[in-house]
Amino acid sequence: MTLTEKQQELIEGLNLIADPHERLSVVVAQGSAMTLPAIDKTEANRVLGCVSRVWLVGNPQGVLCQFRGDGDSPLVKGLVALLCNLYSGVEASEVENIEPEVWERCGLARLLSPTRLNGLKAVRARIRELAAQIKDAAPPI
């Protein structure tokens, strides 16, 4: 499944929930499934530009990217988990080039503060950087 298809499926699934506040609650609840062990919560893995503390790790999984993250609040953790799940399991070139549309297309952007949205941009930028590192480290095919 391409990242575009994966994102469309995510958006359609979230939009089955009529109330945007309930959509956001689902995102927050799903964040509890993603945690990083304390050993990965280092300054090197910390996402700068977020008001809350956010950590992000990216690893290759064959030719695909795998992302895991954590945050110090349930809301942040849920939003980071959504991005990690969206961008995991796809090729680095797709991760680098396809932007998340879920915030706008699911009405979540209206529920998030400008500082939260800026933090999500910082998380997205870090995911893009990690994907570039994964792609550069991959052996030639």
Side-chain angles (χ1 to χ4, degrees), residues 1-139 141:
M1 176 182 295
T2 68
L3 179 53
T4 301
E5 294 166 337
K6 189 175 180 183
Q7 180 163 231
Q8 183 61 35
E9 188 174 280
L10 171 67
I11 290 167
E12 288 172 2
L14 284 171
N15 282 337
L16 289 174
I17 304 166
D19 181 7
H21 287 48
E22 288 182 33
R23 280 183 217 136
L24 189 57
S25 293
V26 167
V27 170
V28 171
Q30 291 176 347
S32 64
M34 183 173 291
T35 60
L36 283 179
I39 195 166
D40 286 332
K41 292 183 180 180
T42 65
E43 281 303 306
N45 293 333
R46 190 154 174 229
V47 178
L48 302 177
C50 295
V51 174
S52 298
R53 292 185 309 162
V54 174
W55 299 271
L56 193 62
V57 176
N59 296 300
Q61 187 175 26
V63 297
L64 306 177
C65 295
Q66 181 67 36
F67 299 99
R68 295 176 298 118
D70 209 338
D72 63 1
S73 80
L75 175 60
V76 169
K77 189 173 186 162
L79 296 169
V80 169
L82 183 143
L83 286 176
C84 288
N85 291 332
L86 175 64
Y87 287 107
S88 288
V90 297
E91 293 184 20
S93 58
E94 284 188 288
V95 173
E96 289 179 296
N97 295 316
I98 297 177
E99 294 302 315
E101 298 175 3
V102 67
W103 316 129
E104 292 297 329
R105 293 187 49 203
C106 290
L108 301 177
R110 294 180 302 218
L111 303 177
L112 301 172
S113 69
T115 55
R116 189 75 70 213
L117 290 170
N118 282 335
L120 288 171
K121 287 179 187 174
V123 172
R124 171 62 184 123
R126 183 66 181 139
I127 287 173
R128 194 179 304 110
E129 289 171 12
L130 291 168
Q133 291 171 10
I134 290 168
K135 185 172 82 175
D136 291 346
I141 297 175

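Count residues from 1 along the sequence.
Between Val26 and Leu16, every side-chain heavy-atom pair lies at or beyond the 4.5 Å cut-off. For the pair Val123/Phe67, no side-chain contact is recorded, criterion being any heavy-atom separation below 4.5 Å from C-beta on. Between Arg116 and Val76 the shortest side-chain heavy-atom distance falls below 4.5 Å. Glu96 has its side chain out of reach of Cys65: every pair of non-hydrogen atoms, C-beta onward, lies at least 4.5 Å apart. Residues Leu3 and Glu91 form no side-chain contact, since every pair of their non-hydrogen atoms from C-beta on lies 4.5 Å or further apart. Looking at heavy atoms from C-beta onward, Leu75 lies in side-chain contact with Leu24 at the 4.5 angstrom threshold. Between Gln7 and Arg105, every side-chain heavy-atom pair lies at or beyond the 4.5 Å cut-off. Taking 4.5 Å as the limit, every side-chain heavy atom of Leu79 sits out of range of all side-chain heavy atoms of Leu83.
For the pair Leu86 and Pro100, the tightest heavy-atom approach, listed with the atom from each and the gap, is CD2-CB, 4.3 Å. Contact detail for Ala44 and Arg126: the closest heavy-atom pair is O-NH2, 3.9 Å. Scanning all heavy atoms of the two residues, the minimum distance from Leu130 to Gly58 falls at CD1-N, 3.7 Å. Shortest non-hydrogen contact noted between Lys77 and Gly31 is CE-O, 3.3 Å. When all heavy atoms of Ala109 and Leu117 are compared, the closest pair comes out as O-CD1, 3.8 Å. For the residue pair Arg68 and Pro37, the shortest heavy atom distance occurs at NH1-CD, 3.9 Å.
For the atom pair CG of Asn59 and CD of Gln133, the computed distance is 10.5 Å after rounding to the nearest 0.5 Å. Of the inter-residue distances, the one linking Cys84 atom SG with Leu36 atom CG reads 8.0 Å to the nearest 0.5 angstrom. Taken to the nearest 0.5 Å, the SG atom of Cys106 stands 5.5 Å off from the CD1 atom of Ile11. Leu120 CG to Cys50 SG: the interatomic distance, rounded to the nearest 0.5 Å, is 7.5 Å. Glu94 contributes atom CD, which lies 9.0 Å from atom CG of Leu64 (distance to the nearest 0.5 angstrom). Expressed to the nearest 0.5 Å, how far CG of Asp19 lies from OG of Ser25 amounts to 8.0 Å.
Within a 6.0 Å sphere centred on CD of Glu129, heavy atoms belonging to other residues, nucleotides or ligands number more than 12. Heavy atoms of other residues, nucleotides or ligands lying less than 6.0 angstrom from CZ of Arg53 number 12 at most.
Here the side chain of Arg23 pairs a donor or acceptor atom with the backbone of Ile17 at under 3.5 angstrom. Of the possible donor and acceptor atoms, none in the side chain of Ser32 sits under 3.5 Å from a partner among the backbone N and O of Val28. Side-chain atoms of Asn85 come within 3.5 Å of backbone N or O of Ala81 as a donor-acceptor pair. Formation of a donor-acceptor pair under 3.5 Å by the Gln66 side chain with backbone atoms of Gln61 is not found in this model. Not a single donor-acceptor pair under 3.5 Å links the side chain of Asn45 to the backbone N or O of Val57. Remark: side-chain polar atoms of Lys6 are not paired, donor with acceptor, to backbone N or O of Tyr87 under 3.5 angstrom.
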**Message:** Let's go through Glu99 and Arg128 carefully: what are the C-alpha distance in whole Å and the side-chain angles of both, what is the deciding distance for salt bridge (Lys or Arg N to Asp or Glu O under 4.0 Å) to 0.1 Å, and is it a yes or a no?
**Reply:** CA-CA 10 Å; Glu99 294 302 315; Arg128 194 179 304 110; 2.8 Å; yes

**Request:** Please test Val27 against Leu14 for side chain to side chain contact (heavy atoms under 4.5 Å, CB included), starting from the C-alpha separation and ending with a verdict.
**Result:** CA-CA 9 Å; Val27 170; Leu14 284 171; 4.2 Å; yes

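Looking at Thr115 and Ser113, their side chains do bring a donor and an acceptor atom within 3.5 Å of each other.
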